[in-house]
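Along the sequence shown, residues carry numbers from 1. Fair warning: this is a prediction, and the values are worked out from it, not measured in the lab.
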Amino acid sequence: MADDQDKNGDDRESIWSVSRGALRLYFALFAAQIVVGLVLLIRKGGPSDGDLGSWWLYIWQGSAPIAITSAAFSILITDGGRALMVLAGWLEEKLKRRRERELATAREEERAKSRAWYARMRESEARGEPFDEPPPFESDTNGNAPRS
């Protein structure tokens, strides 16, 4: 039944859990890091007395930080890409909304310029005066009339 609810393999229990779709990759990375970490720990040197109990305690104490960092790095590697994609999507949407607001503002400013120009033109015509001001949509971005 749980598989029916989780079609994308993203169902999670906690922040330390891994999505079902990434479990194999996570455990492969985790196991590889543990093995490498333990090999390096043993190569570093062991207890001075060298009996089996001392070695067991030495490996036991050294494996805890190796396991925690391996778990953290494995989660970062398997789900870090997904987190970056979510962040990139959020940022893209935010920038898209900003561009749309800026475009709407620019359009409204251009409409206001056109309405003001049209009002000046109508007033000039009503007074019977010539009106030779070019329309705002024919001027460049600095408000200058275009060159002929």
Side-chain angles (χ1 to χ4, degrees), residues 1-46 55-148:
M1 287 294 171
D3 290 332
D4 293 338
Q5 297 171 352
D6 183 28
K7 295 184 183 200
N8 295 329
D10 284 337
D11 197 22
R12 298 163 189 262
E13 296 292 327
S14 70
I15 62 169
W16 286 101
S17 66
V18 178
S19 61
R20 288 183 187 166
L23 275 176
R24 288 185 177 158
L25 175 60
Y26 171 81
F27 282 116
L29 289 169
F30 178 72
Q33 291 178 76
I34 290 286
V35 169
V36 169
L38 290 176
V39 166
L40 292 174
L41 178 70
I42 292 169
R43 286 196 64 202
K44 184 173 111 175
W55 269 99
W56 180 257
L57 184 59
Y58 173 75
I59 292 172
W60 183 264
Q61 289 173 335
S63 65
I66 292 171
I68 291 170
T69 55
S70 295
F73 281 131
S74 297
I75 287 175
L76 181 65
I77 292 167
T78 56
D79 283 345
R82 289 181 187 197
L84 286 175
M85 293 304 292
V86 168
L87 182 61
W90 172 80
L91 184 59
E92 179 183 27
E93 185 62 32
K94 188 171 182 85
L95 291 173
K96 181 180 174 185
R97 282 189 299 231
R98 178 188 289 175
R99 278 192 307 262
E100 288 171 354
R101 282 193 310 270
E102 289 171 353
L103 183 59
T105 302
R107 284 180 181 156
E108 186 54 42
E109 288 173 0
E110 288 299 316
R111 286 185 187 124
K113 288 179 186 177
S114 293
R115 284 191 298 268
W117 175 85
Y118 185 70
R120 287 192 303 275
M121 182 188 73
R122 298 292 291 178
E123 289 171 3
S124 181
E125 284 178 356
R127 291 190 305 261
E129 299 172 355
F131 186 77
D132 59 354
E133 179 184 334
F137 51 83
E138 288 184 3
S139 26
D140 66 13
T141 57
N142 294 323
N144 302 321
R147 293 184 207 163
S148 316

Enquirer: Can you tell if the side chain of Leu38 reaches within under 4.5 Å of the side chain of Ser63, non-hydrogen atoms only?
Expert: yes
Enquirer: Quick one, Ile77 with Tyr26, criterion side chain to side chain contact (heavy atoms under 4.5 Å, CB included). Give me CA distance, side-chain angles, the key distance, then yes/no.
Expert: CA-CA 8 Å; Ile77 292 167; Tyr26 171 81; over 6 Å; no
Enquirer: Testing Leu29, Ile66, Thr69 one by one against Ile34 for a side chain to side chain contact (heavy atoms under 4.5 Å, CB included), which residue passes?
Expert: Ile66
Enquirer: Hey, what do you get for CD (Glu108) to OG1 (Thr105), rounding to the nearest 0.5 Å?
Expert: 8.5 Å
Enquirer: Who passes side-chain contact (heavy atoms from CB on, under 4.5 Å) against Gln61, sequence neighbours left out?
Expert: Leu57
Enquirer: Where do Pro130 and Ser124 come nearest, in terms of heavy atoms and distance?
Expert: O-OG, 3.4 Å
Enquirer: Can you name the nearest heavy-atom pair linking Leu41 to Gly62, along with the distance?
Expert: CD2-CA, 3.7 Å
Enquirer: Mind checking what makes side-chain contact (heavy atoms from CB on, under 4.5 Å) contact with Arg120, not counting sequence neighbours?
Expert: Ala116, Trp117, Phe131, Glu133
Enquirer: Rounded to the nearest 0.5 Å, what separation is found between the OH atom of Tyr58 and the NZ atom of Lys44?
Expert: 5.0 Å
Enquirer: Counting neighbours of CD on Glu129 that are heavy atoms of other residues, nucleotides or ligands and sit closer than 6.0 Å, is the number greater than 12?
Expert: yes
Enquirer: In this structure, are over 12 heavy atoms from other groups packed under 6.0 Å from Arg122 atom CZ?
Expert: no
Enquirer: Using a strict threshold of under 4.0 Å (side-chain N to carboxylate O), is an ion pair present between Arg99 and Glu102?
Expert: no
Enquirer: Are Glu110 and Lys113 side-chain neighbours, meaning at least one heavy-atom pair lies under 4.5 Å?
Expert: yes
Enquirer: Sequence neighbours left out, what passes side-chain hydrogen bond (donor to acceptor under 3.5 Å, both in side chains) with Arg97? Give chain and number order.
Expert: none
Enquirer: State, to 0.1 Å, how close Phe30 and Ala67 come at their nearest heavy-atom pair, and which atoms those are.
Expert: CE1-O, 3.5 Å
Enquirer: Would you find more than 12 non-hydrogen atoms of other residues, nucleotides or ligands less than 6.0 Å from Arg127 atom CZ?
Expert: yes
Enquirer: Give a yes or no on whether Trp55 atom CH2 has more than 12 heavy-atom contacts from other residues, nucleotides or ligands under 6.0 Å away.
Expert: yes
